[in-house]
Student: 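If you scroll down you'll find the structure; I have some questions about it.
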Amino acid sequence: MLNLLLDQPLKKYQRVINEINNEYNKISKYSDKDLKEQKNKLKLKINQKRTNLNLILSEAFATTKVAIFRATGMVLFDEQLLAGIILHKRNIAEMKTGEGKTLSALLPAYLHGLSGKGVHIITVNDYLAERDSILAKKIFAYLGLTIGIITQNTEHYARKKEYEYDITYITNSELGFDYLKDNMAVNNNDLVQRGLHYAIIDEVDSILIDEARTPLIISGETSIKSNLYERSKDISSILKKTIHYEVDEKSRSITLTEEGVTLCEETLQIKNLYDVNIPWIKYIINSLKAKELFLKNKDYIIKNNQIVIVDEFTGRIMEGRRWSDGLHQSIEAKENVKIEAENQTLASITYQNLFLLYSKLCGMTGTAKTEEYEFSSIYKMSVIEVPTHKKCIRKDLPDLVYRSEYYKWEAIANECFDMHQIGRPTLIGTTSIEKSELLAKMLKEIGVPYNLLNAKPENISKEAEIIAQAGKKYSITISTNMAGRGTDIILGGNPKQITKLAIKNYLRRKKDNQTIYNNPTEEIENILNIEEIKILKDCYKDTGINNDSTDKFIENITNKDNYNNLYNTYCQLLEKYKIRCKQERNDIINLGGLYVIGTERHESRRIDNQLRGRAGRQGDRGKSRFFLSLQDNLFRIFGGNSIENIMEKLNISETTPIESVILSQSLNSAQKKVEGYFYDIRKKLFEYDEVINNQRKAIYKERKKILNLSFTRDCVIEYGEYTISEMLKEYYKNNKNETILKQIIQLLNITDNFDSNQIKKMRFDEVKNFLCEQFRISYDLKENYLEQLRPGLIRQLEKYYILQQIDKAWQEHINKMNILKEYIGWRSYGQQDPLIEYKNEGFHLFINMITYIRQTVIYLVMRSRLIIEIS
Ligand code: ADP
């Protein structure tokens, strides 16, 4: 029974949890057929009770709990029911690693899936989407709801179907790109999404906090200005730090000193570095950033002669992403790789605004409490901690701080040596690829075998394999932050994964005739008889040789419906590994469980907590410790001198660490400072983004309306009347300027068989009515003419022109807004708040854009005769 007494906010759910369990006892007795029938019964209730899902929550959750038991043999814990309730209430469930988030999400997914409007379960990568959807399919087969899955490999035309299923598993980026593409579609048959109703975001902090700073962008190429980048690179190599420019590592920004500005202007032989027409300043600052702040193998790697970004939080490479505003090109220049064309943004959205489009949003993660304020202020979600099912007994030891980095790494390597000697599995988290490799090298020198997991392409494909082994005896695993997400380290190893791996290795070896000997491979031959081995090989032969097909083949074996005989083989192996893993697990628990070593404090406590959370899973024993040095970034940039002073005073030698609670606390407060600092940046970004977000909503709404409209005539007439009205205002403002009147007549392409002097005498309303009347007459004539040429043509043309003009104008608008945002900071050092100025100017630009769209559409439609003649 869940002890909620200690946790006041949670206490109130105890009654609901009891109710669910009572229902569960009842529904457990249902036949499979009746269990499936629950779907219709509950749907009926929803309809009768006007969609108040709260009223059927207990029954729906209990039904799901029964299905989970029937499909997997697992009985949901009360803590998981609680997490389900939190998700249903549109909040964030903070649940420690290994506590069973994947299953918890199915409870509200079923409940909301009943509404038929679609539930999206968002994961951080394709692997997790695929893995979780396979499990969900198995469970929902008992419930009669359908499961969709969308990954990078899902073809465009297949996506629509996947979105139509009751519940769809998808990554955040696929979801975002589909949203943007839908809003660029010219035909409503091309649309794939059907509205954003209810989303459950897994690893919600990673998506809504860490990724909040990088927008999703769909872009098209423009011309290359590589000479500007090359030239700026040359200049940046002449400029000297502190004399010509200052580097602020905290905000990752560079400012030129006056001497720097003068030197640049002299070298370039220009008068003003800040000239808006050739903004050299942008190129030079970017080159300096590339020189000082963006480091190879930390912030990016070079792969196939291209610069590929490494995600600072996860350590994963971000294939296809580029830094914006020319920074990527500056780095390409620095590394002497081909400078790619600058991109023009065609559509973009931040994750913040993407997810705020959902009617209902919720999320789960192991670590969110530290960002509680941000979740509540921006997303209106509370973070609620779910107690662990078993008490967490992991020991988080105080930090060990060394004076120099060198001795820190030496101490870590020695620690690994000791752990390997006794066989205790150890996971070492590093903050960059470079450091992970440094440690790997050190371990090699002292003869400690290890597995290395970082964003380098040759390692990334082995991620699941490495993690599956990380909890085994003698395992030493070095990993950048990436291993912190989604996969679970099980003490003694993950028998299912190990079984799959054994089969994979066996097939690989047999196929390539290689001699990679390892234990699992040998065992296969001991366990299987010759006949079984033959079947395995024969079946495999059909699947081709690449890694993907091997994985799929093995995945198929684990399902009895696919290859019945191979499934039995798989089960036999699995049983054997289960026994072995269990034995190992006991040994490891006696050694103290998994040991996690942190090698540097991250800017955010959350990321450190994630690393620690790898140990002590589900009440296991475990230990964590951070090894730090005064040369670490966090100390250098944010720590101040106080800590160094303490060390000096204590007169401590280089090799002796200090271990003190006070020191750990002062580090915590340095981290809080950094977190606050980044929160402010995200908040500012959000406020700026709000402006373009509202504009995007308006434009996309209009676009969608047009796309779904079969009769667009009224819309064009409205555009015409709006244009007349706007231009007439100008006409009166400019003292009834004849030229403006001519422009109106020309634009509308109306016959000017009237007297302009007479118009001069008329009032605004009269002129407007008159011109609108004339416009309608001309339009009717045009329509008749085109109808005769080809019936229905005018409607097609109208739609085509409107969409084309909206897209074109919007793309230009986004770029103008980007430039405006960039310049406004420099321009308004003075009195005005730059945000207010940005809002005002942004508004004007938007109105101009709307006017421009309407005018051009009218112009084009009224002249469509020409177009037809040409074509
Ligand atoms: P998280 O995402 O919270 O880290 P997972 O959803 O990956 O955790 O679950 C961790 C492990 O716990 C999985 O192997 C899962 O099968 C197992 N598990 C989840 N719920 C239960 C349960 N109620 N009883 C037994 N095992 C469970």
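Atoms within a ligand are numbered from 1 in the order they appear, just like the ligands themselves. FYI, side chains are in, hydrogens and waters are out, and symmetry mates aren't considered; it's all heavy atoms of this structure. Counting begins at 1 with the first residue of the sequence. Quick caveat, the model's predicted, so the values are computed rather than measured.
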Student: Mark up the atoms of ligand 1 that fall under 4.0 Å of a heavy atom belonging to Gln80, in ascending order.
Tutor: 19 (C), 20 (N), 21 (C), 22 (C), 23 (N)
Student: Would you sort out whether Leu594 and Ile588 count as a side chain to side chain contact (heavy atoms under 4.5 Å, CB included), showing the intermediate values?
Tutor: CA-CA 8 Å; Leu594 180 71; Ile588 294 167; over 6 Å; no
Student: Any N or O on Leu103 sitting closer than 3.5 Å to an N or O of ligand 1?
Tutor: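 There is no such contact.
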Student: How does Arg617 reach ligand 1, by side chain, by backbone, by both or by neither, if only non-hydrogen atoms under 4.0 Å count?
Tutor: side chain
Student: Just one of Gln610, Arg606, Arg605, Glu94 clears the side chain to side chain donor-acceptor pair (under 3.5 Å) bar with Thr367, so which one?
Tutor: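 Testing Thr367 for a side chain to side chain donor-acceptor pair (under 3.5 Å) against Gln610, Arg606, Arg605, Glu94 leaves exactly one candidate, Gln610.
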Student: Polar contacts were defined as any N/O atom of the residue lying under 3.5 Å from an N/O atom of the ligand; does this apply to Gly100 and ligand 1?
Tutor: yes
Student: Centroid-to-centroid, Phe61 to Tyr24, below 6.0 Å?
Tutor: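 Ring-ring flag for Phe61/Tyr24: false, centres at least 6.0 Å apart.
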Student: Please evaluate residues Asp166 and Tyr110 with respect to the criterion side chain to side chain donor-acceptor pair (under 3.5 Å), reporting the C-alpha separation (whole Å), side-chain torsions for both, the decisive distance (0.1 Å), and the verdict.
Tutor: CA-CA 9 Å; Asp166 295 310; Tyr110 177 64; over 6 Å; no
Student: Using 30° and 60° as the class boundaries, would you call the ring planes of Tyr358 and Phe355 parallel, tilted or perpendicular?
Tutor: parallel
Student: Quick one: which ligand 1 atoms are inside 4.0 Å of a heavy atom on Thr102?
Tutor: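 Result: 2 (O), 5 (P), 6 (O), 7 (O).
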Student: Would you say ligand 1 has an N or O under 3.5 Å from any N or O of Gln618?
Tutor: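 Yes, Gln618 has an N/O under 3.5 Å of an N/O on ligand 1.
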Student: Should you measure from each heavy atom of Lys96, which atoms of ligand 1 turn up under 4.0 Å away?
Tutor: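 That gives atoms 3 (O) of ligand 1.
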Student: Could you name the option among Glu203, Lys65, Met74 that has the heavy atom nearest to atom 16 (O) of ligand 1?
Tutor: Met74
Student: I need the contact type for Val75 against ligand 1. Using non-hydrogen atoms and a strict under-4.0 Å cut-off, is it side chain, backbone, both or neither?
Tutor: backbone
Student: If you count the atoms of ligand 1 from 1 in the order shown, which ones are under 4.0 Å from a heavy atom of Thr97?
Tutor: 4 (O)
Student: What about the rings of His120 and Tyr169, do their centers lie closer together than 6.0 Å?
Tutor: no
Student: Salt bridge or not between Lys435 and Glu600? Use side-chain N to carboxylate O under 4.0 Å.
Tutor: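 A salt bridge is present here (some side-chain N lies under 4.0 Å from a carboxylate O).
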